[in-house]
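Written below as structure tokens is the structure these notes are about.
Model, not experiment: these values are computed from the prediction. Naming convention: chains lettered A, B, ... in sequence-line order (proteins, then strands); numbering from 1 in each chain.
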There are 2 protein chains.
Amino acid sequence: MFSIGTLSRHTGVKVPTIRYYEQMGLLPEPERSAGNQRRYTQKGVDRLGFIKHARDLGFAMAAIKSLIDLHEHPDKSCGAATDIAQAQLDNVRQKIARLQRLEHELDRIAQGCDGAGFAADCYVLTALSDHNLCKTTH
Amino acid sequence: MFSIGTLSRHTGVKVPTIRYYEQMGLLPEPERSAGNQRRYTQKGVDRLGFIKHARDLGFAMAAIKSLIDLHEHPDKSCGAATDIAQAQLDNVRQKIARLQRLEHELDRIAQGCDGAGFAADCYVLTALSDHNLCKTTH
DNA sequence: CTTGAACCTCTAGTCGCTAGAGACATTACA
DNA sequence: TGTAATGTCTCTAGCGACTAGAGGTTCAAG
């Protein structure tokens, strides 16, 4: 049996976050010590590891709930799991595409000014004032 | 003089968001009609346009505050503005790099399962359970 | 002058945590 | 066994950048 602090060290998830996951229903309520402290089994470690891994990959908590549900019911079809993963992949690709547009525009704007002059002539500020100066949509 | 709704239509910023920006000190308190409704001038339109443009480029509100301050004080050095823009560019590049790592990993995971079988054999779920199956760090 | 859209303020909710207060439990060491 | 340090408990509130809704007032068109 692990205390919450030990679990935290094992998984790299902070103690308040573990309690938060429990409150949100991602983790089941664990057993308690005589003094009302949480006591976890290896199962708890595994489950939290699963959650952390999914969070690291950017899955939302609602998606993780669904994934856990599938994981706990091995007889269900795995189509839903691949759908969730594919949706997350699409999500990430969209974010990348948007950020790359921003990168180009920011780079252009930042290049336009050497930072040596006065704000009156700053291309950064001018560019922000006038959207027409932008080359791409964002 | 524009109403808040007209301002919203002109800039593409939603009405409650405009009021929120005012509350947060990004927009000055505008004049009011006899009946206490907000009335904006062209200056207000320009300023909100500036804010919207900066938000679209991902600048945080605190950064926008600084940028507005520089914009209002043309005699200040523009070094701060280029610094903020450069920091935002770095920020965006870091996010892109992280998301690209996630993209690779998610793609690999999603490819590993056709979604046709049962959850018990689903590679998506297996991969999430076992971090050792990952090729990259995230 | 009436109607309906737009506007007002205020509170609370979103997501995924994080921080802090004040009290209780456990553990390590003397 | 005593005590001190560390860990844990619950609860509340805060973050950023909005968004939603309630309940009431004002404006503009016909």
**Q.** Pairing of K52(A) and D56(A) as salt bridge, 4.0 angstrom limit
**A.** yes
Q.
For a quick test of reading the model: is some side-chain N or O of R19(B) closer than 4.0 Å to OP1 or OP2 of dT9(C)?
A. no
Q: Starting from the 5' end of DNA chain D, give me the residue, N36(B) or F59(B), whose nearest nucleotide shows up first.
A: F59(B)
(Q) Just the rounded figure in Å: distance from C1' of dC7(C) to CZ of F2(B). (A) 18 Å
Q: Report the distance from atom NZ of K14(B) to atom C1' of dA20(D), rounded to the nearest whole Å.
A: 11 Å
Q. Rounding to a whole Å, what distance do you find between I64(B):CD1 and dA17(D):C1'?
A. 10 Å
**Q.** Among dT26(C), dT18(C), dC7(C), the one nearest V15(B) by side-chain distance
**A.** dC7(C)
**Q.** Selection from dA17(D), dA25(C), dC17(C) that lies nearest to any side-chain heavy atom of S33(A)
**A.** dA25(C)
Q. Would you say the side-chain atoms of E29(B) pair up with the backbone N or O of E22(B), donor to acceptor, closer than 3.5 Å?
A. no
**Q.** Separation of atom CZ in R9(B) from atom C1' in dA5(C), rounded to whole Å
**A.** 11 Å
Q) Tell me, do V13(A) and Y21(A) make a side-chain contact under 4.5 Å, heavy atoms counted? A) yes
Q.
Once you apply a heavy-atom cut-off of 4.0 Å, does R32(B) come out as touching a base, just sugar-phosphate, or nothing?
A. sugar-phosphate
(Q) Looking only at the side chain of I4(B) (C-beta and beyond, no hydrogens), which of the listed nucleotides dA17(D), dC27(D), dC8(C) gets closest? (A) dC8(C)
Q | Whole-Å gap separating C1' (dT19(D)) and CD1 (I18(B)) | A | 14 Å
Q. When all nucleic acid strands are considered with a 4.0 Å heavy-atom cut-off, which category describes R38(B): base, sugar-phosphate, or nothing?
A. sugar-phosphate
Q. Should I68(B) and Y123(A) be regarded as members of a common hydrophobic cluster, given that ILVMFWY residues are connected when their side-chain heavy atoms come within less than 4.5 Å of each other, either directly or indirectly?
A. no
Q: With DNA chain C as reference, determine whether G35(B) or T17(A) sits nearer its 5' end, using the nearest nucleotide of each.
A: G35(B)
Q: May I have the distance from L27(A) (atom CG) to dG16(C) (atom C1'), rounded to whole angstrom?
A: 14 Å
(Q) Let's see if you can work this out: which of dG16(C), dT8(D), dC8(C) has an atom nearest to the side-chain heavy atoms of M61(A)? (A) dG16(C)
(Q) Just the rounded figure in Å: distance from P of dG16(C) to CG of L26(A). (A) 9 Å
Q: Nearest whole angstrom, please: distance from the P of dA6(C) to the CZ of R39(B).
A: 13 Å
Q | N/O (side chain, R55(A)) to phosphate O (OP1/OP2, dC17(C)) under 4.0 Å | A | yes
**Q.** Over all atoms of both residues, closest heavy-atom pair of G115(A) and S77(B)
**A.** O-OG, 4.1 Å
Q) DNA chain C: Y21(A) or Q37(A), which has the more 5' nearest nucleotide? A) Y21(A)
